[in-house]
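Notes follow once the structure below has been shown.
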Amino acid sequence: MLKIGIIGAGRMGNAHAANIANIADAEVSAVYDINPEKTAAFVGKYPQVKIMSSPDELVNSADVDLIAITSPTYCHAEGLRAAMATGKSVFCEKPLCRTRAELDELAPMLRSYKNVFAVGFVRRYSAGYMTLKKLIAEDKIGKLICASVTCLFGGFCRQWGDWFTDYQKSGGVILDMLAHHCDLCNGLFGKPESVYAKAFRLNTDAALPRDYVSSTVTFKDNVICNMECSWLRGGPNQTSMTVYGEKGALTLTDSGISFYDIGGAETKIEIDEGILGPLQKSITGGMYATEMAKIVDCVLNGGTPYAGVEEAINAMEFGLAMMASAESGNISKL
Ligand SMILES: NC(=O)c1ccc[n+]([C@@H]2O[C@H](COP(=O)([O-])OP(=O)(O)OC[C@H]3O[C@@H](n4cnc5c(N)ncnc54)[C@H](O)[C@@H]3O)[C@@H](O)[C@H]2O)c1
């Protein structure tokens with residue numbers, strides 16, 4: 001039985017715990033949260049879980065084999081330092097950390113880490129993305145030309161004072177939300193070469209918190225990608241990624257994949273829901289359930305998570321470059 005200790009019993013700590021409860025050979029064994037009310041609510045749901053009084057007590061507990069860091073982004077570095085000092089398996093929610101200094105400190109530690117490390121880029125575990133990647137590798141659309149990423153959230157309801165609305169703590173919509181698609185672009189096109197961005201960066205002059213970024217990114221072979229992401233107070237909730245090639249285009253949305261031929265005719269493509277292989281048969285739930293089941297499987301039986309050390313670092317480099325461009329008004333070169 002794999003014993004999992006959770007640091008941060010908020011939204012994601014609870015979401016992962018619910019999925020772990022459905023995995024036969026894993027259980028949540030320990031929890032630490034800075035807020036006693038969050039801890040109490042968590043053990044109210046999972047009474048077998050031991051309450052730890054500090055991150056150090058949790059990571060060093062004999063009752064913890066896999067450490068899950070689901071605290072706010074600006075707290076990831078402190079959780080990672082404690083977790084990696086133990087040499088145990090580690091899962092950290094995305095993004096890896098908040099600042100350039102933290103990334104510079106963590107990257108070498110991660111690159112030499114001997115045990116399983118996974119980062120919460122959950123979209124890597126979506127059958128839709130895995131199918132898209134396979135189709136591109138099979139040359140369905142030929143040589144890649146350009147891409148468009150739209151990640152709009154019109155129902156943002158956070159208030160000032162919430163850590164999500166503090167650019168210094170969350171990194172705003174770039175590091176918190178678009179980071180997922182920065183990682184997916186890294187997976188499809190390799191690392192970016194240049195990034196130019198304009199963003200609100202949670203400007204506190206606004207009456208209510210809101211954020212928006214529009215960015216132009218170039219990859220090798222002159223692949224150009226437009227990336228747009230928002231936390232706004234109206235408008236659609238819309239997530240899509242279109243990749244254009246010389247033989248056609250593919251669009252991935254949360255409802256499926258379409259292929260567009262050179263004339264523009266659309267064909268729906270069936271997503272291979274069994275893409276994870278035999279493990280998938282035992283998993284119920286969406287990509288978050290798949291993510292946790294795969295990570296547990298890697299720890300117990302060997303293997304590599306779909307989002308690990310290099311994915312964590314590369315998405316940070318991408319996000320920080322986009323933020324630097326939005327902050328300075330200059331193009332960031334990578
Ligand atoms: N993968 C995804 O799709 C996804 C979705 C949402 C959030 N996230 C990421 O997950 C992380 C947590 O987000 P959330 O929505 O669960 O936030 P949240 O605010 O709901 O929960 C964070 C919890 O951590 C606790 N906490 C604060 N400081 C702490 C510390 N120093 N040590 C331990 N616990 C501490 C808080 O009391 C709270 O209970 C963030 O990094 C966020 O970017 C990922």
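Counting starts at 1 for both ligands and their atoms, following the listed order.
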What do you reckon, does [X] have a nitrogen or oxygen under 3.5 Å from a nitrogen or oxygen of ligand 1?
X	result
G120	yes
P72	no
Y74	no

Self-check item: Residues that K247 engages under side chain to side chain contact (heavy atoms under 4.5 Å, CB included), provided they are two or more places apart
Solution: D139
With heavy atoms under 4.0 Å as the rule, classify the contact between [X] and ligand 1 as side chain, backbone, both or neither.
X	result
H76	side chain
I34	both
A9	backbone
E93	side chain
K38	side chain

Quiz item: Would K143 and D221 pass as an ion pair if we require N to O under 4.0 Å?
Solution: no
Self-check item: Lys/Arg-Asp/Glu bridge criterion (N-O < 4.0 Å) met for E317, R100
Solution: yes
Provide the number and element of each atom of ligand 1 under 4.0 Å from a heavy atom of [X].
X	answer
Y32	32 (N), 33 (C)
N35	37 (O)
S71	11 (C), 12 (C), 24 (O), 34 (N), 35 (C), 40 (C), 41 (O)
I7	33 (C)
T73	40 (C), 41 (O), 43 (O)
D176	42 (C), 43 (O)

Any luck finding a side-chain donor-acceptor pair between [X] and [Y] under 3.5 Å?
X	Y	answer
T70	E93	no
Y212	E228	yes
T251	T242	yes
S89	N115	yes

Please list the nearest protein heavy atom to [atom] with its residue and the distance rounded to 0.1 Å.
atom	value
atom 3 (O) of ligand 1	Y288 OH, 2.5 Å
atom 25 (C) of ligand 1	D33 OD2, 3.2 Å
atom 13 (O) of ligand 1	W163 CZ2, 3.8 Å
atom 20 (O) of ligand 1	R11 N, 3.0 Å
atom 9 (C) of ligand 1	K94 O, 3.4 Å
atom 21 (O) of ligand 1	G10 CA, 3.3 Å
atom 30 (C) of ligand 1	E78 OE2, 3.8 Å

Quiz prompt | Option set M287, M177, M12, H180, criterion heavy-atom distance to atom 16 (O) of ligand 1, minimum | solution = M12
Quiz item: Is the NZ or CZ atom of R210 positioned over F200's six-membered ring, under 6.0 angstrom from the centre and within 45° of the axis?
Solution: yes
Quiz item: Does NZ or CZ of K140 come closer than 6.0 Å to the centre of the six-membered ring of F259, within 45° of the ring's axis?
Solution: yes
Practice problem: Apply side chain to side chain donor-acceptor pair (under 3.5 Å) to S126 and list each qualifying residue two or more places apart in sequence or on a separate chain. | Solution: none
Quiz prompt | Closest approach of M84 to L110 (non-hydrogen atoms, all atoms of both residues) | solution = SD-CD2, 3.7 Å
Quiz item: If only atom types and distance count, is the side chain of D211 paired as donor or acceptor with the main-chain N or O of A199 below 3.5 Å?
Solution: no
Practice problem: Give, for atom CG of N222 and atom CD1 of I145, the distance between the pair rounded to the nearest 0.5 Å. | Solution: 11.5 Å
